[in-house]
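What follows is a short report on a single structure.
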Amino acid sequence: MLESENKERILRGIAASPGICIGKAYLVDREGVEVIPKYFVHASHIPQEIKRFQAAVKLAQDELRQIIEETPEDLKIHTGILETHLLLFQDKMLYGRTIEDIQQEGVNAEWALKKVVSEVKATFQGMADEYLKERVADIVHVSDRILHHLTGNHHVKIADIDKRVILVARDLSPADTSQIQLEHIKGFLTDLGGRTSHTGIIARSLGLPAVLGLSNATALIRTDDLIIVDGSAGLVIVNPTEETLVEYDERQGRYEAYRAQLSRDSHLEARTQDDTFIRVMGNIELPEEVVSVIDNGGDGVGLYRTEFQYLSRRDLPSEFELFDKYRDVVEVMAGRPVVIRTLDINGDKALQDANTHIEVNPALGLRAIRYCLKHPEMFKTQLRAILRAAAFGDVRILFPMITGMEELKEARRLLAEAALGLQREKVAHNPDIPVGIMMEVPSAVIIADQLAARCDFFSIGTNDLMQYSLAIDRGNRHVAYLWDPLHPAILRMVRRVAEVAREAGIQVAMCGEMAGEPIHVPILIGLGIPEWSMNPNAIPVVKRMVRSLAAAPCRDFIGEISGMTCAREITKLAWKTFGQALTGQPFAD
Ligand code: PEP
Ligand code: MG
């Protein structure tokens with residue numbers, strides 16, 4: 001090993017989830033095989049090397065066949081592309097040429113395959129023909145599958161990790177993160193991803209330190225390397241020196257003491273000094289996280305993201321399975337509100353691994369309410385489960401990604417049908433629950449007054465609202481620098497939604513990540529948004545910030561910033577005006 005490999009190195013990424021952890025790295029390679037070994041094979045071993053390649057092709061084919069077979073009937077429309085992939089395994093361009101290269105150049109199968117794929121890519125690069133471009137993408141998928149079998153480097157199941165480690169991955173899908181066992185995973189790092197990607201959101205709700213968007217952590221870190229993750233600063237230190245270790249050990253202690261102090265008064269109400277009450281609730285992905293909402297002093301579940309019960313499996317959950325989980329959450333919350341959002345699948349939370357690459361632009365594709373309205377039977381199963389759980393407490397239903405009135409009307413029609421079915425079958429349920437819509441697409445904001453006539457509340461989803469109005473892919477680290485909820489356009493939209501709701505006499509809440517940032521507290525108070533929902537771990541600090549402020553100056557502050565044009569200036573002014581309430585120190589420019 002080279003001496004320099006053991007030198008302390010600092011990597012900088014996006015500070016996605018605060019906290020510090022120190023431990024051994026564990027590499028999970030989920031997105032293609034990054035490092036392909038090259039070696040020469042003795043002439044006498046070439047037939048064996050070809051057989052090794054053919055065996056890997058067979059395994060990859062079998063794996064794909066199994067995926068196709070296990071795809072539920074109503075999703076079979078998506079498997080056409082996989083059938084095409086099956087044919088590609090035997091394609092002359094890929095299969096034939098790889099074997100030729102092994103024979104003629106005497107190289108290992110992985111290297112020969114990689115070379116062939118690079119040549120195919122080079123040949124078709126720059127061609128305008130969309131069909132050919134897609135075929136190249138197909139070849140890459142197929143070859144990745146074969147490579148995984150050749151290198152034996154595939155499908156590390158995160159749920160099976162049984163040591164205390166820090167995960168290092170190219171990317172982690174929601175299906176991966178939903179398998180994380182808190183007793184084994186201390187924190188994680190990824191090459192890709194932005195602050196509002198679901199990987200970041202889940203890290204924050206699990207309370208795990210995380211740095212995302214590091215670009216090449218998987219190339220620079222090896223399994224078992226000692227690393228420090230500083231999720232608050234967005235830093236990773238690889239092979240730290242003794243001195244750095246001591247320093248971070250102390251910092252970790254200080255951070256934990258700060259968290260402990262915050263949680264001691266987290267059960268106090270979030271009421272401003274001039275008596276404005278804010279309901280501060282928690283966002284959950286998994287039913288078990290409801291405990292964290294209670295522990296952190298949450299006044300309810302303001303967003304229950306239900307899609308995670310559909311991930312990491314090939315079949316669909318039954319009505320009873322869903323109802324059982326929803327009821328658990330509702331019962332634990334004991335009368336406090338639970339806002340259950342219907343399935344927000346696809347986009348960045350693909351229903352199945354196999355479907356991930358089917359849509360060219362999944363964020364604008366068949367996701368969320370669109371997907372549900374196309375699969376009414378599947379949707380009604382969930383609606384029935386929600387209505388049944390509503391018999392056990394204060395349940396509200398929330399439809400994601402509404403872009404226009406037709407979707408809202410159709411979703412409501414199916415909800416009414418689900419209620420009627422339950423009534424006919426004499427199954428206990430509550431048909432009369434508040435119906436809300438996510439405000440996360442600009443078109444919905446523009447017609448908010450029309451939509452308000454057909455729903456009981458709005459919940460502002462700043463993560464997607466920013467993605468769609470500022471054109472920032474929320475998972476793309478290259479544009480993460482543009483992410484700023486204090487962009488004047490976002491502030492105007494939030495303000496409009498709040499005003500429309502007030503005029504129409506309906507409720508308004510915010511459940512996007514904007515609500516969980518303490519420096520946004522005075523702005524949300526000033527804009528008159530009375531209910532917020534956030535990562536449970538953010539609740540204590542946000543509640544404390546509310547208690548330290550009065551509402552009147554927050555409203556004045558909105559007047560002050562309404563003519564400002566630059567997000568950075570607004571942020572600076574917010575820190576200057578309210579930073580001391582947060583940090584106890586005057587703001588230093
Ligand atoms: C949002 O878009 O702001 C939101 C809360 O929903 P999600 O992050 O699940 O897309
Ligand atoms: Mg959203």
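Ligands are counted one by one from 1 in listed order, and the atoms in each one are counted from 1 as well.
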E440: which N/O/S atom is nearest the Mg ion (ligand 2)?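 Closest N, O or S atom of E440 to the Mg ion (ligand 2): OE1.
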
The Mg ion (ligand 2) to D464: any N/O/S contact under 2.8 Å?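 Looking at D464, which is the residue asked about, there is an N, O or S atom under 2.8 Å from the Mg ion (ligand 2).
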
With nothing but distance in play, are any N or O atoms of [X] less than 3.5 Å from an N or O of ligand 1?
X: R305; result: yes
X: D464; result: yes
X: E513; result: no

What part of [X], side chain, backbone, both or neither, has a heavy atom within less than 4.0 angstrom of ligand 1?
X: L465; value: neither
X: D344; value: side chain
X: R341; value: side chain
X: I460; value: neither

Between Q467, E307, M534, R474, flag the one that comes closest to atom 10 (O) of ligand 1 by a heavy atom.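 Comparing heavy atoms across Q467, E307, M534, R474, the nearest one to atom 10 (O) of ligand 1 lies in R474.
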
Just to be sure I'm reading this right: ignoring hydrogens, which of G200, C511, G302, A368 gets closest to atom 5 (C) of ligand 1? Compare them by their nearest heavy atoms.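 Residue with the shortest heavy-atom distance to the ligand atom: C511.
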
M466: heavy atom below 4.0 Å from ligand 1, yes or no?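 Judged by the 4.0 Å heavy-atom criterion, M466 does not count as contacting ligand 1.
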
Using atom types as modelled and distance alone, determine if a side-chain donor or acceptor of [X] lies under 3.5 Å from a backbone N or O of [Y].
X: K380; Y: L415; result: no
X: D299; Y: V280; result: yes
X: S533; Y: G302; result: yes

